[in-house]
*Asks:* 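Take this structure, written in structure tokens, and hold onto it; I'll ask about it next.
In this text, all values refer to a predicted model and were calculated from it rather than measured experimentally.
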Number of protein chains: 2
Amino acid sequence: MKISLTPQEIEKRLMDAGVQPTLQRIAICRYVLCEADHPTAEQVKDWAQQNLDKISQATVYNTMNALVDAGLLRALRLPHTEKVIYDDNIEDHHHFFDEETGRLYDLPEEQIDVRSKLPKKFKTNRVEVLFTGKVED
Amino acid sequence: MKISLTPQEIEKRLMDAGVQPTLQRIAICRYVLCEADHPTAEQVKDWAQQNLDKISQATVYNTMNALVDAGLLRALRLPHTEKVIYDDNIEDHHHFFDEETGRLYDLPEEQIDVRSKLPKKFKTNRVEVLFTGKVED
DNA sequence: GAACATATTTAGAATAGTTCTAAAGATATA
DNA sequence: TATATCTTTAGAACTATTCTAAATATGTTC
Ligand SMILES: [Mn+2]
Ligand SMILES: [Mn+2]
Ligand SMILES: [Zn+2]
Ligand SMILES: [Zn+2]
């Protein structure tokens, strides 16, 4: 499901998005774009501190914010935790939260059809659906 | 839209829910059940400190948690803020967030029809839709 | 490549929202 | 009234995140 990217490809993505490709940012992208599944900043920090010589918490947060601002990631805030969750799926899509495992699944937009009868004065820009339940093995 | 309740009615609701009806709790219920619209704990505290002789922040949080645990309120966590939002509408329902005003509107469950084609292993317990946009005057 | 400007990283302090602690006060029960 | 149980409280603690300001790295110009 996750894509595989060379450091060069990541570097290009960052440059194209107007983000200077530092060592720390490339490494974090490697994790969030190619490995992680809806990680929190804490998970990114844990991974980075194990896989890089040295990286500070501030850099992790700075990088996550830079990636969100550049449009390479989205920040999610969901009911089950107060931590921000980062999503490398930047398409419009929906989510399924497995309350047994805590895992979050992406649901492609076209799998969900939301029909609403809202009064005309409600002008909708975005619709997001969160399913909660469990996923059978 | 909001209901009007006498202190006696509030007292009964609390007792029925197994919550001892203290002065602080009755007052807070008066606000959250009869006046407020999706308030945060901070808004409840501000109201309470203006309208009661004296009340501590801890009591406001304790009370909000007690009311949620008793099923009289629901706690919402939405993308636009990191503060918990309290909802006196305990029915299943959806929300419309007006990004201009910051106001949150309840959408009755029956106004929204969500049709999903999820793989069979996804067993859904709850579906929540968040619309974002603006409400024309 | 030296000199300079600009951007990034960093440790640690600060902040925001909420919960915890433990002592004092209130309420219910006998 | 005595006693047990709950509730309230001030302030400390906690968690997630942001800020500060100094050090380091990177990009740019000659
Ligand atoms: Mn940001
Ligand atoms: Mn609780
Ligand atoms: Zn996603
Ligand atoms: Zn609501």
Side-chain angles (χ1 to χ4, degrees), chain A residues 7 10-12 14-29 31-32 38-49 51-70 72-86 102, chain B residues 7 10-12 14-29 31-32 38-49 51-70 72-86 102:
Chain A
I10 291 172
E11 220 169 305
K12 179 162 190 321
L14 287 170
M15 310 242 354
D16 290 352
V19 178
Q20 238 187 247
T22 64
L23 285 178
Q24 292 91 337
R25 286 170 178 172
I26 293 169
I28 285 177
C29 280
Y31 179 61
V32 299
H38 294 103
T40 61
E42 195 186 21
Q43 290 175 297
V44 175
K45 190 197 65 183
D46 289 349
W47 177 91
Q49 290 185 335
N51 291 276
L52 305 180
D53 267 4
K54 179 158 159 297
I55 189 168
S56 72
Q57 191 186 50
T59 296
V60 173
Y61 278 101
N62 288 346
T63 298
M64 301 316 281
N65 285 332
L67 297 176
V68 169
D69 292 350
L72 292 168
L73 287 182
R74 288 170 99 111
L76 305 179
R77 213 182 275 283
L78 295 179
H80 68 283
T81 173
E82 59 200 6
K83 299 179 192 186
V84 169
I85 287 168
Y86 293 95
Chain B
I10 292 173
E11 220 169 304
K12 179 160 189 320
L14 288 170
M15 309 242 354
D16 289 352
V19 179
Q20 239 185 247
T22 65
L23 283 179
Q24 292 91 335
R25 288 171 176 172
I26 293 168
I28 285 177
C29 280
Y31 179 62
V32 299
H38 294 102
T40 62
E42 195 186 21
Q43 290 174 300
V44 175
K45 190 196 65 183
D46 289 348
W47 178 91
Q49 291 184 333
N51 291 275
L52 305 180
D53 268 3
K54 178 159 160 299
I55 190 170
S56 73
Q57 193 187 47
T59 297
V60 173
Y61 278 100
N62 288 346
T63 298
M64 300 316 282
N65 285 332
L67 297 175
V68 169
D69 292 349
L72 292 169
L73 288 182
R74 287 170 100 112
L76 306 179
R77 211 181 277 282
L78 295 179
H80 70 283
T81 173
E82 59 200 5
K83 300 179 191 184
V84 169
I85 287 168
Y86 294 94

*Asks:* If a protein heavy atom is under 4.0 Å from the base, mark B; if only from the sugar-phosphate, S; if neither, -; do that for nucleotides 5-18 of chain C going 5' to 3'.
*Replies:* --SSBBB-----SB

*Asks:* Does B/Gln43 use its side chain to pair, donor to acceptor, with the backbone of B/Thr40 at less than 3.5 Å?
*Replies:* yes

*Asks:* Over how many whole Å does the gap from B/Met64 atom CE to D/dT7 atom P extend?
*Replies:* 16 Å

*Asks:* Over how many whole Å does the gap from A/Leu76 atom CG to D/dA16 atom P extend?
*Replies:* 17 Å

*Asks:* Rounded to the Å, how far apart are B/Leu14 CG and C/dT27 P?
*Replies:* 14 Å

*Asks:* Can you confirm whether A/Val32 sits close enough to A/Tyr86 that some side-chain heavy atom of one is under 4.5 Å from a side-chain heavy atom of the other?
*Replies:* no

*Asks:* Calculate the interatomic distance between B/Ile26 atom CD1 and D/dC6 atom P; express it in whole Å.
*Replies:* 18 Å

*Asks:* Are any side-chain N or O atoms of A/Arg25 and backbone N or O atoms of A/Gln20, one a donor and one an acceptor, separated by less than 3.5 Å?
*Replies:* yes

*Asks:* For a 4.5 angstrom cut-off between non-hydrogen side-chain atoms, does B/Ile55 reach B/Ile28?
*Replies:* yes

*Asks:* Mind checking what makes side-chain contact (heavy atoms from CB on, under 4.5 Å) contact with B/Glu82, not counting sequence neighbours?
*Replies:* A/Arg77

*Asks:* Please give, in whole Å, the distance from D/dT8 P to B/Gln49 CD?
*Replies:* 14 Å

*Asks:* For B/Ala17 and B/Leu72, work out which heavy atoms get closest and say how close.
*Replies:* CB-CD1, 3.8 Å

